[in-house]
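Chain naming here is simple, since letters A, B, ... match the order of the sequence lines and numbering starts at 1 in each.
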Amino acid sequence: MFVKLQLKGPLKKYGQSVEPFDCEIAAEPCTVRDLLQKLSIPTSSTSFVLIDGNKADLTATLRGGEMVVINPRVAGG
Amino acid sequence: MTYTGKILRVNLSTGKAQPEPLNEKWARDYLGGKGLSIKYLYEELEPGIDPLSEANKLILMTGPTTGTIVPNSGKLAVAAKSPATGTILDCSIGGYFAPELKYAGYDAVIIEGKAKTPVYLYIEDEKVELRSAGDLWGKGAHETEHIIAETLGDVITMVIGQAGENLLPMACISSELYRQAGRGGIGAVMGSKNLKAIAVRGTGGIKIPNIRKFSAALNKIKREDTMTDDNMWTYSDGTPMLVDLCHDSGILPTRNFQEGTFEDYKKINSDAVKGVLKAKKACFACPLGCSNYVEKGDTRVEGPEYETLALCGSNCAIGDIEAIIEFNRLCDDYCLDTISAGNSVAFAMELTEKGIYDFGIHFGEVDKYLEMPGLIARKEGVGAELAAGVRAMAEKYGGMDFAMQVKGLEMPGYEPRGSWAMGLAYGTADRGACHMRAWPTAVEAFGDIDPYTSEGKAKLVIGMQDDNSVKFSAIFCDFWALSTERMAEILSLLLEREVTATELTTIGERTYNLARLFNEREGFNRKDDYLPERIFSEKLPTGTTAGKLLPREEYEKMLTDYYQLRGWDENGIITEAKKKELHL
Ligand code: SF4
């Protein structure tokens, strides 16, 4: 099973491509947190996640086929 | 000690320039930058003065980190009483001016009085001259800087454009072509003094107490604390990344804050900026280098930053990156604050579309939009109306409920209906609607804290305001997510005494209270800490924030909590006990 994954800003270094790419996830339902773990992205480096354009938290389940966007944590303003 | 111990006082009325000792007690109580410049202004300005009269003073203040290789320490505080709001005003400007001033031997410059004819100030170490700026008056920032560079050679300059000369409340100061002290009409204070520019060259240095220990500590700090994921967004993208984040969170100001999402956001986001990116640039001693230097045809800009993309882009329904870059360039050259200019244009568009007054410009009209910076800066045609800012426009033509400002300062790019603490931060910011005193949006709209509750928001905002106050006093750029513990470690190395995080938090709190005291003396209180009615009573229509507003009673609750936690009375007046506690 795959999701289309887009990593934003400095998180791009954790992915295979700076563009959205297909990322394999575990066959049984897996959460966003599992996906971050698989890519070795510390949760302390992320802000909110979008699944198919909707805001989701780290416990949201992925079933394959979704578009997932992971945003970095930001400071300053 | 990394202070030079010397302040340069320049009186433009008499033409005299005199060095004087830095007030060491005040430097200990307020560090430098924001805090120390506010202290000088509080002590030296008579209450009730006209900000555009010769009684106002303009202060350029460095800090104890300035001129060293401490990361993100290249900022300068520029302060005065604000012509836009009548409040205290301190702005932060990056680049290379601050270290150059320190190398010339000064912690600060205090500029008083008013020159009879246009002049510019030239500082080269002990040599201080006022030179005629007769031939520079009327010129834009870029040409002015080029002419001064041709005349003086290797200097760093701060200049005003036509907006400052014409005393606009949205006039900014520009430095090194692309950097601005943006808000509150600080450029008009220079203009009112007939001061076109300040050029500085310094050939001295700064003595670091124990350079070996200092360098080793800094290398460690940079590795562990600066070049990290939560700071590197500034390098990978810079502030344009916030366009996507704000759109996705439903807080991207669109059509004068009528919506929180923009259908064309992808045309003005970080990817769009990267399409015209030529190079990354950085301020002095900054390893993050957030600045995007872009080029399109003959148009060159450092930016556009998020605030410009939001206020001059989505907020005016302009989904055309080239047009925004050109608007940005024009604002930079005339020295207009893009946040305020974007708001004025968007407000005029809404007034026109609602049939309240016909300014002849509609949302999304690129050609008319590009005429605006020139008309505003020169106060020509409708530009003369827009130049006064949205509050003055509303007073004259109506629409006060959707004139997006607090205390007369136009609102930055974070919609408070999707980030309630941001609303409180705008309401209680010392210089009017400002996102740089506290930026809770990062943890509310983008983070884990519920944006739609008043619970805990007062504490959150106060913590951020106090931290930022000391950060802007030390001085650090706010893009470095820096703890007060880290700050204390760095300052201990520079000041040869043990500086603690607790001491720094107190300095932050003292500074924020002193700013409030300044405003209190000018007649500000609770009545001035409110947001425009639109935020309280109009629901956002689209995106994640669809159906959301910030109910007035929830705002009142946050404000009451805020005053209580601050040790202010219910009218927002600082209590005697709090003044005593902070030695105010
Ligand atoms: S992060 Fe950007 S604004 Fe801050 S010091 Fe670095 S280059 Fe300047």
Task: Spacing of A/F48 atom CZ and B/D448 atom CG [to the nearest 0.5 Å] - done: 12.0 Å

Task: Straight-line distance of B/D244 CG to A/N71 CG, nearest 0.5 Å - done: 7.5 Å

Open item on the list: If you count heavy atoms of other groups shown closer than 6.0 angstrom to NZ of B/K266, is the number above 12?
Closed with: no

Task: For chain B, the option from A/G53, A/S45, A/P42 that forms the most heavy-atom pairs under 4.5 Å - done: A/S45

Task: Nearest-0.5 Å distance that lies between atom OG1 in B/T544 and atom CG in A/N54 - done: 7.5 Å

Open item on the list: Only pairs of heavy atoms separated by less than 4.5 Å count here; which of A/P72, A/G9, A/P10 has the most with chain B?
Closed with: A/P10

TODO: Check whether more than 12 heavy atoms from other residues, nucleotides or ligands sit under 6.0 Å from atom OH of B/Y235, and answer yes or no.
DONE: no

TODO: Name the option with the most non-hydrogen atom pairs under 4.5 Å to chain A; the candidates are B/A438, B/G238, B/S249.
DONE: B/S249

Task: B/D248, part contacting chain A, at a heavy-atom distance under 4.5 Å - done: both

TODO: Decide side-chain contact (heavy atoms from CB on, under 4.5 Å) for A/K8 and B/D237; before the verdict, give the C-alpha distance in whole Å, the side-chain angles of both, and the deciding distance to 0.1 Å.
DONE: CA-CA 9 Å; A/K8 291 279 191 80; B/D237 295 73; over 6 Å; no

Task: Heavy-atom proximity to chain A below 4.5 Å, by part of B/M232 - done: both

Task: Working for side-chain contact (heavy atoms from CB on, under 4.5 Å), residues A/V74 and B/F446 - done: CA-CA 8 Å; A/V74 294; B/F446 310 154; 3.8 Å; yes

